[in-house]
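Quick caveat, the model's predicted, so the values are computed rather than measured.
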Protein chains: 2
Amino acid sequence: MSAKEILQNYVAKTISLTDEQFDYFFSHFKPQSFKKGQAIITAGDRVNCEYFVTSGCLKAFYINDDLKMFILQFAMPTWWASDFDALYSGNVATIGLDCITDAEVLCLTNADREKLCKEIHAIEHFFRWRTNKGYVASQKRLLSFMNNDTKHRYEELLAQYPELYNLVPKQLIAAYLGVSRETLSRLYNS
Amino acid sequence: MSAKEILQNYVAKTISLTDEQFDYFFSHFKPQSFKKGQAIITAGDRVNCEYFVTSGCLKAFYINDDLKMFILQFAMPTWWASDFDALYSGNVATIGLDCITDAEVLCLTNADREKLCKEIHAIEHFFRWRTNKGYVASQKRLLSFMNNDTKHRYEELLAQYPELYNLVPKQLIAAYLGVSRETLSRLYNS
DNA sequence: GGTTTTATGTGATGTAGGTCACTTTATGAA
DNA sequence: TTCATAAAGTGACCTACATCACATAAAACC
């Protein structure tokens, strides 16, 4: 399936666009390819775009003063990723976005998203629902963090994304769960 | 300031509506008053509304199998609260919403929100931005959870909402921070 | 005001997970 | 195939926080 078709299928789950409307919508996206390990957003950068993943796997992460990394999101195909705080507010990035594998994305600028939202009411609706879903998911993760122990959250993650198990280093899974790699290692070797 | 004015000021920060448009928008909100301790949403209920707080303070919370409470949000004036997952998906509530103090809210049904979003493009824009802000705030809280220790998060919370210190029992602050009340007590008595 | 809840403080003790140090195993590039 | 680098496993030890138990204080209610 082409990047265009992946996006079209994804959009069709929320709104109905004519082919002409979708073509117009799609014309604002810029396809980009990245190699494993490449950075898409680096902390300190200005952020102009959000990225729709069509293949591969990204990580959105924060690095604290002690150089410890925390992963906010693994972005798989049909996921959106960016430093949304920086993107919306115009501040420089505090979140990095890197490729865990070779990856292809569709890049949409903030200005184009706002233009599209203004021009086509259905597209504003689409982006509202996308963020709604993200918000609910984020709340759920927060709750899981407060409520569940590491083992539980680890199993939860793998149940939701079994492919991560072979795809990403265990270190990164630990950084997503918010524990040290040693703790995660001990968790499933006992 | 009346509830209507509070909402109008809040909306005006994101979009411009004519007085007629705002009156129409406002006509869909139902003012409700609650007493301290009253429940607005109880886990297991169907959820039809979201609530815009105009006075008082609410808590949105989850109670786990061990009857331990976790607070997702303290909702102060101009904050929106509900079980958004239940509201959007039609599932029954897993989140409760209670009044910490006497409170007044404006109640908007899911159906009316969607109707308003469809009828008036600017209103869809407004709700998109509201959720954007919520999403970014939720991500930040998640990061703070992973990155910072309890003391840091406690000071962060009080810096952001100093009024909480005298307004809500320390137990609830502990439930927001995700620690036991004993730990919180020891934290600021040393 | 007096009585019953509810909230808070504090000691003793247990435990999950962190950190450091080192070893072992993969992965990748020349 | 070999060497270099990154990832993963593991022991020893430490710390933040949980839990339980009980004491005290503050609200709330008749």
Take atom [atom1] of [X] and atom [atom2] of [N], then tell me their distance rounded to the nearest Å.
X: A/Arg153; N: C/dA16; atom1: CZ; atom2: C1'; answer: 12 Å
X: B/Asn147; N: C/dG18; atom1: CG; atom2: C1'; answer: 14 Å
X: A/Leu184; N: D/dT10; atom1: CG; atom2: C1'; answer: 14 Å
X: A/Lys170; N: C/dT27; atom1: NZ; atom2: P; answer: 10 Å
X: B/Leu172; N: D/dA27; atom1: CG; atom2: P; answer: 15 Å
X: B/Asn189; N: D/dT24; atom1: CG; atom2: P; answer: 16 Å
X: B/Glu182; N: C/dA7; atom1: CD; atom2: P; answer: 13 Å
X: A/Asp66; N: C/dG18; atom1: CG; atom2: C1'; answer: 12 Å

Inset, instruction - With heavy atoms under 4.0 Å as the rule, sort A/Gly37 into base, sugar-phosphate or nothing. - result: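 It contacts nothing in the nucleic acid.
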
Inset, instruction - Give a yes/no verdict on a cation-pi contact between B/Arg141 and B/Tyr176, requiring under 6.0 Å between NZ or CZ and the six-membered ring centre and an angle within 45° of the axis. - result: yes

Inset, instruction - Output yes when a side-chain donor or acceptor of B/Thr54 lies under 3.5 Å from a complementary backbone atom of B/Glu104, and no otherwise. - result: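 Yes, because the side chain of B/Thr54 sits within donor-acceptor range (under 3.5 Å) of the backbone of B/Glu104.
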
Inset, instruction - For B/Gln8 and B/Glu5, indicate whether the former's side chain and the latter's backbone hold a donor-acceptor pair under 3.5 Å. - result: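 No, the answer is negative, given that no donor and acceptor are paired below the 3.5 Å cut-off.
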
Legend entry - Short side-chain N/O contact from A/Lys151 to OP1 or OP2 of C/dG17, under 4.0 Å: no

Inset, instruction - For D/dA8, take OP1 and OP2 only and decide whether either is under 4.0 Å from a side-chain N or O of A/Tyr188. - result: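 For D/dA8, neither OP1 nor OP2 has a side-chain N or O of A/Tyr188 closer than 4.0 Å.
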
Inset, instruction - Test for a donor-acceptor pair under 3.5 Å between the base of D/dT19 and the side chain of B/Arg186, counting only N and O atoms. - result: yes

Of the listed nucleotides ([options]), which one gets closest to any side-chain atom of [X]?
X: A/Ser180; options: D/dC20, C/dG17, C/dG18; answer: C/dG18
X: B/Pro169; options: C/dT8, C/dG17, D/dT10; answer: C/dT8
X: A/Leu187; options: C/dG18, C/dG17, C/dA7; answer: C/dG17
X: A/Thr183; options: C/dG18, D/dA7, D/dA18; answer: C/dG18
X: B/Gln171; options: C/dA7, D/dA18, C/dT19; answer: C/dA7
X: A/Arg181; options: C/dC22, D/dA18, C/dG17; answer: C/dC22

Inset, instruction - Return the orientation label for the A/Phe70 and A/Tyr62 ring planes: parallel under 30°, perpendicular over 60°, tilted otherwise. - result: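 A/Phe70 and A/Tyr62: parallel rings.
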
Inset, instruction - By nearest nucleotide on DNA chain D, pick out whichever of B/Thr150 and B/Lys36 is the more 5' one. - result: B/Thr150

Legend entry - A/Lys36/A/Asp102 salt bridge by N-O under 4.0 Å criterion: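 No salt bridge links A/Asp102 with A/Lys36.
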
